[in-house]
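Following: one structure in structure tokens, then a few remarks.
Chain letters run A, B, ... following the sequence lines, proteins first and then strands; every chain starts at 1.
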Amino acid sequence: MPELPEVEVVRLGLAPAVTGATVTNVEVFDERSLRRHDGPAEDFTHRLDGATLRSPSRRGKFLWIPLEPDAGPAREALSLHLGMSGQVLLREPDAPRDRLTRVVIALRHPEHGPLRVDFVDQRIFGSVMLEHLDAAGDVPDERIPASVAHIARDPLDPRFDDERFFDALARKKTVIKRALLDQTLLSGVGNIYADEALWMSKVHPEQPTATLSRRRARELLAAIRDVFGQALAEGGTSFDAQYLNVNGESGYFSRSLKAYGREGEPCLRCGRPIRRVSFMNRSSHFCPHCQRLR
DNA sequence: AAGTAATCCTGATCGC
DNA sequence: TGCGATCAGGATTACT
């Protein structure tokens, strides 16, 4: 499932294609993908049609493309969240559509000509919407969508405050994996990269956050950045401008996973079998030998 | 404040 | 061959 690296690969792929392009047509094939848009599909279609797009931004797993305003700072953005199974595909204008395409946005770029942005989503947990951009508060001139306001910065954000994150962990009365998945503490981490970062830093997923030493918390945060960077590097190498594959399940990043999905297979450090346990209605994969509760 | 459960969903897979 | 059950879970909301 798409987490920060996958969403960033989408952003990087979209940037040259959409920046400065004008929307020439919008088609909604399944209104459920607009569930989070405040208004009917026609409202979405009419407001987006004719708009000129700016360079896309991202925080955690949230992606948005500001619309060029008549004057002053951008006030509106096209927001996308991939949910569990969302994909964004760049296509030629007359290319066939994937069966699971929910929304199609046709563009004309001043240099590259016409092209299509297809939002494909099997499980429809993802969403597309138009929403307001508001001042972020802590940084002048930074504007973020309303749906992102309550999300913490992600660990690749230069303004992410490491010490503040450690302080929050020390105060929390919960276990570390739950904290990693809490997007208000830090954003961008999902089930797969949580397991990977915990394995890499040898932290047990159910270690209470308050008992994690500052030093181990620091190692864990470094591991998150490592795992993200590695996935980004892989996504970068297999990136194709015509096809932005972000399907994590069959996706390319799975090649280097050390814990997730490896139940019963030998731990790549100690050789003992990786265990899988049920946790928060999902799965945790970890090495019971390397990752001890302390 | 923390944790649980329900909600939103469909395609792939598996047992019978 | 087909059919029902199971699984994959990110974010949000409503409760306890």
Below 4.0 Å: OP1/OP2 of dG10(C) and any side-chain N or O of His81(A): no

Sugar-phosphate, base or nothing in reach of Glu3(A), heavy atoms under 4.0 Å: nothing

Expressed in angstrom and rounded to an integer, what is the separation of Gln122(A) atom CD from dG10(C) atom P? 14 Å

At less than 4.0 Å, is any side-chain N or O atom of Lys61(A) found next to OP1 or OP2 of dG10(C)? Yes or no. no

If you draw the axis of the six-membered ring of Trp199(A), does the NZ or CZ of Arg269(A) fall within 45° of it and under 6.0 Å from the ring centre? yes

Given atom NE2 of His285(A) and atom C1' of dA8(C), what is their separation to the nearest angstrom? 11 Å

Chi angles and distances behind the salt bridge (Lys or Arg N to Asp or Glu O under 4.0 Å) call for Arg47(A), Glu76(A): CA-CA 10 Å; Arg47(A) 279 164 61 196; Glu76(A) 257 192 324; 2.3 Å; yes

Phosphate OP1/OP2 of dT12(C): any His150(A) side-chain N/O under 4.0 Å: yes

Who pairs with Thr184(A) by side-chain hydrogen bond (donor to acceptor under 3.5 Å, both in side chains), at least two apart in sequence or on another chain? Asp182(A)

Are there more than 12 heavy atoms of other residues, nucleotides or ligands under 6.0 Å from atom NE2 of His132(A)? no

Please report, rounded to the nearest Å, how far the C1' atom of dG9(C) is from the CE atom of Met280(A). 10 Å

All pairs passing ring-ring contact (aromatic ring centres under 6.0 Å, His included) where residues 69-101 of chain A contributes a residue, at least two apart: Phe62(A)-His81(A)

For Tyr260(A), which contact category applies under a 4.0 Å heavy-atom criterion: base, sugar-phosphate, or nothing? sugar-phosphate

Are Asp167(A) and Arg214(A) packed together at the side-chain level, in the sense that at least one heavy-atom pair is separated by less than 4.5 angstrom? yes

Please state how far atom CG in Leu186(A) lies from atom P in dG10(C), giving the value in whole angstrom units. 14 Å

Considering only Ile, Leu, Val, Met, Phe, Trp and Tyr, and joining two whenever side-chain heavy atoms are under 4.5 Å apart, list the other residues clustered with Ile124(A). none

Just how far, in rounded Å, is C1' of dT12(C) from CZ of Phe62(A)? 10 Å

Show the nearest heavy-atom pair for residues Gln207(A) and Arg292(A), with the distance to one decimal. OE1-O, 3.8 Å

To 10°, what angle do the rotation axes through the five end pairs on each side of the helix from dA2(B)-dT16(C) to dC16(B)-dG2(C) form? 50°

Could you state the CD1-P distance from Ile124(A) to dG10(C), rounded to the nearest angstrom? 17 Å

Under 4.0 Å, counting only non-hydrogen atoms across every strand here, what does Ser283(A) touch: a base, just sugar-phosphate, or nothing? sugar-phosphate

Would you please determine if the base of dG9(C) is stacked by Phe125(A), with stacking meaning a centroid separation under 5.5 angstrom and planes under 30 degrees? yes

Sorted by chain and number, sequence neighbours left out, side-chain hydrogen bond (donor to acceptor under 3.5 Å, both in side chains) with Asp30(A) holds for Arg32(A)

Parallel, tilted or perpendicular: which fits the ring planes of Tyr193(A) and Phe228(A), with parallel below 30° and perpendicular above 60°? perpendicular

Quick one: Arg282(A) CZ to dA8(C) P, roughly how many Å, whole number? 11 Å

What is the distance, to the nearest angstrom, from the OH atom on Tyr193(A) to the P atom on dG9(C)? 14 Å

Residue closer to the 5' end of DNA chain B, Arg35(A) versus Leu100(A) (nearest nucleotide): Arg35(A)

dT12(C) OP1/OP2 closer than 4.0 Å to side-chain N/O of Arg36(A): yes

Between which nucleotides of DNA chain B, 5' to 3', does chain A make heavy-atom contacts below 4.0 Å? dA2(B) to dG11(B)

